[in-house]
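The chain is numbered in sequence order, starting from 1.
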Amino acid sequence: MSPSNNMPAERFAVGAAAILHIERFGADSPRRRTQIRGWEEGACVILDVPKHNETPVRLQRHDRCVVRFFSRGAACGFEATVCESSAKTYPFLYVSWPDNMQITQIRRHERIELTLPCTASTESGERVKGEFRDLSAGGCRIVSRLPLEEASALRLSFTLPDGSGIEDMPAVVRACRAQGDEFVSGCEFESEGGHALRDIEFFVSSRISCGRIADESRRPVLVLENDAERRARLCSEFEEL
């Protein structure tokens, strides 16, 4: 993940879609959709109260949370504390102003590898069981026992590892080839995917960010030391980090 940004107001936009993760519900709790409705720089950020099955999620003052959203081709995220949750006709959630904001520049349709079961519904009504082998904000690669017809439309249903359920995601088969007794299909998501497409974007960007953090933590170190014994000791200490 890129260094933090100390001017988060430059990234906010009224009406921008966001994902809220409430730490009180555990690290693996489902993310809730919300929208950024406004902010008072240095004081708070105003969000829609997230809903679950059309019912507002109950939040408590001082709950810790993480807010994630996209801005100008980057995945943005910050930690915050719930300040107030309004129960009015149009309920709003007030969270603390971020001390800093983590920003990850995302290359267009950057892919992650994963194995994830899915169901592909064809235009004829046939339901084909398969597995994702990679995923991006723009599409996926599916392995299945049955072939998927090139240029055909699909509806994909699956559950992301972060708990986000995707139902009937529209996609088009761009290529299909045999691989042993299975078939590998490359599919492109359609732009009308709406919230589902946004959930996929958030999940992929989060995985990419975590991968980059891990890569950065293993950067090589050049040790310049004339004394051989001291050089060996320093190298040993660095290897243990």
What are the two closest non-hydrogen atoms of L197 and E190, and how far apart are they?
CD2-O, 4.2 Å
Among the clusters formed by ILVMFWY side chains lying less than 4.5 Å apart, do V57 and V82 turn up in the same one?
yes
Return the set of residues passing side-chain contact (heavy atoms from CB on, under 4.5 Å) with A80 (not counting sequence neighbours), or none when no residue passes.
C65, F78, V95, S96
Which value, rounded to the nearest 0.5 Å, describes the distance between L47 atom CG and I19 atom CD1?
11.5 Å
How close do G15 and R37 get, counting heavy atoms only, and between which atoms?
CA-NH1, 4.4 Å
Rounded to the nearest 0.5 Å, how far does CZ of F132 lie from SG of C118?
4.5 Å
In Å and rounded to the nearest 0.5 Å, what is the SG to CZ distance from C140 to F189?
4.0 Å
Note, L154 side chain near T122 side chain (heavy atom, < 4.5 Å)
yes
Within the structure provided, determine whether R145 and D181 are in side-chain contact (heavy-atom separation under 4.5 Å).
yes
Taking only residues at least two apart or on different chains, which pairs with a member in residues 128-138 satisfy salt bridge (Lys or Arg N to Asp or Glu O under 4.0 Å)?
R111-D134, E131-R133, D134-R141
Within a 6.0 Å radius of atom CD on E182, are there more than 12 heavy atoms belonging to other residues, nucleotides or ligands?
yes
Is any side-chain heavy atom of E126 closer than 4.5 Å to a side-chain heavy atom of L146?
yes
If we ignore hydrogens and angles and just use 3.5 Å, is the side chain of E150 paired with the main-chain N or O of A175 as donor and acceptor?
no
Minimum heavy-atom separation for A17 to F69, with atom names?
O-CB, 3.4 Å
Nearest 0.5 angstrom please: W97 CH2 to E40 CD, how far?
9.0 Å
Is any side-chain N of the basic residue among R33 and D199 closer than 4.0 Å to the acidic one's carboxylate O?
yes
By salt bridge (charged side-chain N to carboxylate O under 4.0 Å, His left out), which residues pair with R155, not counting sequence neighbours?
none
Taking every heavy atom of Q179 against every heavy atom of R177, the minimum-distance pair comes out as OE1-NH1, 3.4 Å
With sequence neighbours left out, write down each residue that passes side-chain contact (heavy atoms from CB on, under 4.5 Å) with I112, or none if nothing qualifies.
L135, F203, V204, R207, I208
same_hphob_cluster(V128, M169) at 4.5 Å side-chain heavy-atom cutoff
yes
Look up atom CD1 in I200 and atom CZ in F158, then write down how far apart they are to the nearest 0.5 Å.
4.0 Å
If we ignore angles and hydrogens, is there a donor and acceptor under 3.5 Å between the side chains of R58 and Q60?
no
Under a 4.5 Å side-chain heavy-atom rule over Ile, Leu, Val, Met, Phe, Trp and Tyr, are L156 and V143 clustered together?
no
Show the nearest heavy-atom pair for residues C76 and R11, with the distance to one decimal.
SG-CD, 4.0 Å
Picking from F12, F92, W39, what satisfies side chain to side chain contact (heavy atoms under 4.5 Å, CB included) with I46?
F92
Evaluate the side-chain proximity of V67 to V45: yes if any heavy-atom separation is below 4.5 Å, no if none is.
no
Counterpart residues, side-chain contact (heavy atoms from CB on, under 4.5 Å), relative to T159 (two or more places apart):
none
Can you sort out the partners of R61 under salt bridge (charged side-chain N to carboxylate O under 4.0 Å, His left out), two or more places apart, ordered by chain and number?
none
Same cluster or not: I166 versus I142, using hydrophobic residues (I, L, V, M, F, W, Y) connected whenever any side-chain heavy atoms lie under 4.5 Å apart?
yes
I need the L93 CG to R32 CZ distance, nearest 0.5 Å.
13.5 Å
